[in-house]
Amino acid sequence: MQARLDRMPSAMRVRRRTVEQGFGTLKDWMGRSHFKTRTLKNVRTEMSLHILAYNIKRAIALVGVPGLMAAMQA
């Protein structure tokens, strides 16, 4: 991994901009705390709901509510 990063030093900067922003937003929404549920099944469900809410919010920001509604009805 270190050799790959040495060959492409800008790769980590790109990754931080694209991937880490989403996780940072989710952590902010969760209150920067641990999951509120226990057991792997429940934690998966909780995380899935957070991700769904994030994706819906991003879709609204990109295409607006009317565009999202039209896409869901199609």
(request) Could you list who else is in Leu40's hydrophobic cluster, with ILVMFWY side chains joined at under 4.5 Å, directly or through other members? (result) none
(message) Can you list, by chain and residue number, the hydrophobic cluster partners of Ile60 when the side-chain cut-off is 4.5 Å?
(response) Leu52, Ile56, Leu62, Val63, Val65, Leu68, Met69, Met72
(request) Please name all residues satisfying side-chain contact (heavy atoms from CB on, under 4.5 Å) with Asn42, sequence neighbours left out, ordered by chain then number. (result) Thr37, Thr39
(message) Once side-chain contact (heavy atoms from CB on, under 4.5 Å) is applied, do any residues pair with Arg38, and if so which ones, sequence neighbours excluded?
(response) none
Partner set under side-chain hydrogen bond (donor to acceptor under 3.5 Å, both in side chains) for [X], not counting sequence neighbours:
X: Gln2; value: Asp6
X: Thr45; value: none
X: Ser48; value: none

